[in-house]
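For the numbers below, each heavy atom of this structure counts, side chains included, while hydrogens, waters and symmetry mates do not. Everything quoted here is computed from the prediction, not taken from an experiment. In this chain, residues are counted from 1 in sequence order.
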Amino acid sequence: MTNYLEILCGVVAVFLALYYYFVANFDFWKIRNVPGPKPIPLFGNIKDIMFARRSISDYLHALYQEYENEPMVGIFTRRTPLLILQDPDLIKAVLISDFSKFADRGLPVYEKTEPLSPHLFSLEAARWRPLRTMLSPVFTSGKLKEMFPLIQECSEHLEHYLEKVVAVGEPVDCRELAAKYGTDVIASCAFGIDTNSLSDTDSEFRRIGRTVFAGTFSQLLRFRIRQSMPWLYKLLGYILPHTEVTTFFTKVIADTLDYRIKNNVVRPDFVNMLLELKKHPDKLENIKLTDTLLTAQAFVFFVAGFETSSTTISNALYELARNPEIQHKLRQEIREHYEKNKSDLKYEDIKEMAYLDLVFRETLRKYPPGPFLIRKSMCDYAFEGTNVTIPKGTMLWIPTYAIHHDSRIYPNPDAFIPERFSDDAVMARHPMHYLPFGDGPRNCIGARFAVYQTKLGLIKILRNHKVDVCEKTMIPYQFNPTAFLLAPKEGIYLKITKVEN
């Protein structure tokens with residue numbers, strides 16, 4: 001009997017110790033007078049997100065509405081405190097004014113388990129800063145103008161492919177269509193490779209692109225282990241084989257660099273910039289420049305480039321199908337520019353299409369690819385105008401999607417209204433109330449490239465074709481709760497028909 005009692009006491013002691021471990025930090029925001037929902041042991045405030053019952057964008061939007069008059073809200077991811085910033089002036093301080101104190105995103109980098117993880121998006125400030133400086137020139141307007149013919153060639157392939165798809169007369173998954181186009185653009189402009197994803201159903205690049213965002217059980221398992229047991233995940237790097245994605249990109253970049261060096265090939269693309277870094281590693285002080293580090297930069301450019309742009313194209317088509325008068329007005333503008341230039345569309349013409357720009361910006365308002373921005377404090381920090389001080393290492397989220405759907409900023413936020421982005425309307429809003437590409441020194445490095453890639457794709461689709469909703473169209477629009485980036489739960493199926501001149 002005594003032994004059973006001792007065992008029972010031991011079990012109770014362990015249970016109490018674990019319980020204390022999971023709740024000991026739950027007064028973190030209370031003692032700082034930061035409001036927020038009550039956390040629960042083990043899960044904090046993210047139980048529904050962990051079990052994929054709810055998307056992060058939906059959760060943050062609901063939280064934003066519940067605490068709409070609060071400048072900040074404190075939540076917990078399991079037992080870790082996390083601060084959600086809602087006040088635009090505080091957001092500006094973090095992203096711009098006091099950027100040096102929030103230069104890290106706080107994302108984990110596991111170079112053994114995930115060799116492609118030390119890329120520009122995730123790297124800590126010490127390595128991010130010099131790499132960003134060295135890679136930025138490839139995204140200037142001058143370089144983009146040099147790459148424009150490459151993007152245009154891919155967009156012409158899209159136009160020809162669309163003719164074949166429309167002839168079949170069945171609903172078209174516009175997300176897959178746009179993803180194939182985006183894959184071809186990135187492969188050409190970044191790697192100098194003609195992937196021909198539109199006509200080649202067995203395109204290796206497109207297959208790998210799908211794999212990255214497939215959300216398979218193994219991917220989800222890796223993610224959960226990485227979140228809950230980072231020490232174990234780090235150890236797994238010594239026994240787990242490299243994923244197919246890692247093996248594929250490592251080989252592609254190694255082969256491409258080797259070919260260009262041997263054949264003295266120079267192209268105005270991303271790989272050429274990587275080649276320059278490889279030739280002159282001394283330009284990156286205090287960074288060990290390895291082939292894997294170079295490959296990681298190419299990987300994130302490919303993944304971010306095709307996924308965000310293709311999703312934006314398909315989301316724009318979805319809204320245009322549901323708003324035919326806006327679609328008609330946009331098609332008129334596109335055709336006017338073609339007529340003016342005798343069907344020879346140039347780099348400068350894209351910028352001159354004012355209504356296309358309004359449609360593009362409204363699409364990114366309603367569907368920002370990143371539903372929230374992430375930052376990590378690099379020192380203790382006191383927020384100006386408040387009594388709140390956070391310690392070094394505190395994680396911060398800026399709820400982009402929620403801000404973009406605030407009815408006080410954007411009346412009737414669920415409606416698609418391009419005129420929200422007229423010059424007068426933009427001037428009347430706080431600049432931190434529109435953040436599809438982030439802001440400050442750590443904003444999206446490829447934003448300019450994404451703009452031209454997306455707009456050109458829309459131009460080629462809409463010039464001679466009309467998009468309409470059909471029986472397979474997802475209404476209402478639903479988000480994929482397992483996706484890190486904002487993505488639809490299903491494909492975006494629309495009916496596409498030819499429009500005669």
Side-chain angles (χ1 to χ4, degrees), residues 111 114-120 130-132 134-140 142-158 179-212 241-284 287-307 309 445-446 449 452-453:
E111 301 192 35
E114 297 179 3
L116 300 184
S117 64
H119 48 65
L120 209 57
L131 263 177
R132 169 90 181 209
M134 290 301 297
L135 294 175
S136 289
V138 81
F139 296 104
T140 61
K143 283 289 184 183
L144 182 56
K145 193 170 184 178
E146 288 180 35
M147 285 191 278
F148 186 71
L150 302 176
I151 305 175
Q152 197 164 31
E153 184 180 358
C154 294
S155 72
E156 287 165 1
H157 290 163
L158 169 65
K180 288 180 176 180
Y181 160 68
T183 299
D184 285 352
V185 170
I186 299 298
S188 176
C189 295
F191 305 101
I193 297 173
D194 182 9
T195 59
N196 210 14
S197 298
L198 286 161
S199 56
D200 181 7
T201 55
D202 299 319
S203 168
E204 192 74 355
F205 262 86
R206 179 65 197 119
R207 188 181 67 78
I208 291 296
R210 287 194 199 98
T211 301
V212 174
H242 286 169
T243 64
E244 182 187 17
V245 172
T246 297
T247 303
F248 174 81
F249 277 100
T250 300
K251 186 177 187 308
V252 166
I253 293 300
D255 290 351
T256 304
L257 291 176
D258 185 57
Y259 177 82
R260 292 197 185 186
I261 291 171
K262 287 181 179 177
N263 296 278
N264 198 30
V265 175
V266 178
R267 289 178 96 250
D269 60 18
F270 193 76
V271 166
N272 196 67
M273 182 62 72
L274 297 182
L275 191 57
E276 287 300 308
L277 288 177
K278 188 178 176 70
K279 289 178 181 177
H280 308 286
D282 53 297
K283 290 184 178 181
L284 292 172
I287 293 182
K288 185 181 179 182
L289 195 64
T290 63
D291 287 348
T292 302
L293 187 63
L294 291 176
T295 302
Q297 311 320 311
F299 165 74
V300 76
F301 180 42
F302 169 76
V303 171
F306 95 80
E307 177 66 14
S309 294
I445 190 174
F449 183 93
Y452 275 80
Q453 174 188 348

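- At least one side-chain heavy atom of Arg132 sits under 4.5 Å from a side-chain heavy atom of Ile445.
- Considering only residues two or more places apart in sequence or on other chains, Phe299 meets the ring pair (Phe, Tyr, Trp, His ring centres under 6.0 Å) condition with Phe249.
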Please list every donor-acceptor pair under 3.5 Å in which a side-chain atom of residues 142-154 meets a protein atom from a residue at least two apart or in another chain.
{"from": "Lys145", "atom 1": "NZ", "to": "Glu348", "atom 2": "OE2", "distance (Å)": "2.7"}
{"from": "Gln152", "atom 1": "NE2", "to": "Leu345", "atom 2": "O", "distance (Å)": "2.8"}

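- With a 4.5 Å cut-off on side-chain heavy atoms, Tyr181 and Ser155 count as touching.
- Shown here for Pro137 and Met273, the closest heavy-atom pair between the two residues is CB-CE, 3.9 Å.
- Contact detail for Thr246 and Thr250: the closest heavy-atom pair is O-OG1, 2.7 Å.
- Ring geometry for Phe449 against Phe139 counts as perpendicular: the plane angle is over 60°, on a 0 to 90° scale with 30° as the lower cut.
- When all heavy atoms of Leu274 and Leu294 are compared, the pair lying nearest together is CD1-O, 3.6 Å.
- With contacts defined as side-chain heavy-atom distances shorter than 4.5 Å, the pair His157/Lys180 does not qualify.
- Asn263 places a side-chain N or O within donor-acceptor distance of the main-chain N or O of Tyr259, the cut-off being under 3.5 Å.
- In this structure, CG in Leu257 is found 12.0 Å from NZ in Lys262, a value given to the nearest 0.5 Å.
- A distance-only check finds a donor-acceptor pair linking the side chain of Thr256 to the backbone of Val252 [under 3.5 Å].
- Here Asp255 contributes atom CG and Arg260 contributes atom CZ; the two are 12.5 Å apart, rounded to the nearest 0.5 Å.
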*Check the pair Leu277 / Leu135 against side chain to side chain contact (heavy atoms under 4.5 Å, CB included), numbers first and verdict last.*
CA-CA 9 Å; Leu277 288 177; Leu135 294 175; 3.9 Å; yes

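- Between the side chain of Glu276 and the backbone N or O of Asn272 there is no donor-acceptor pair closer than 3.5 Å.
- Taken from CD in Glu307 to CD1 in Ile186, the straight-line distance is 11.5 Å, to the nearest 0.5 Å.
- Val300 and Leu120 make their closest contact through CG1-N, 4.4 Å (heavy atoms, listed as atom of the first residue, atom of the second, distance).
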*Checking side chain to side chain contact (heavy atoms under 4.5 Å, CB included) for the pair Phe302/Thr183: CA distance, chi angles, key distance, verdict?*
CA-CA 8 Å; Phe302 169 76; Thr183 299; 4.0 Å; yes

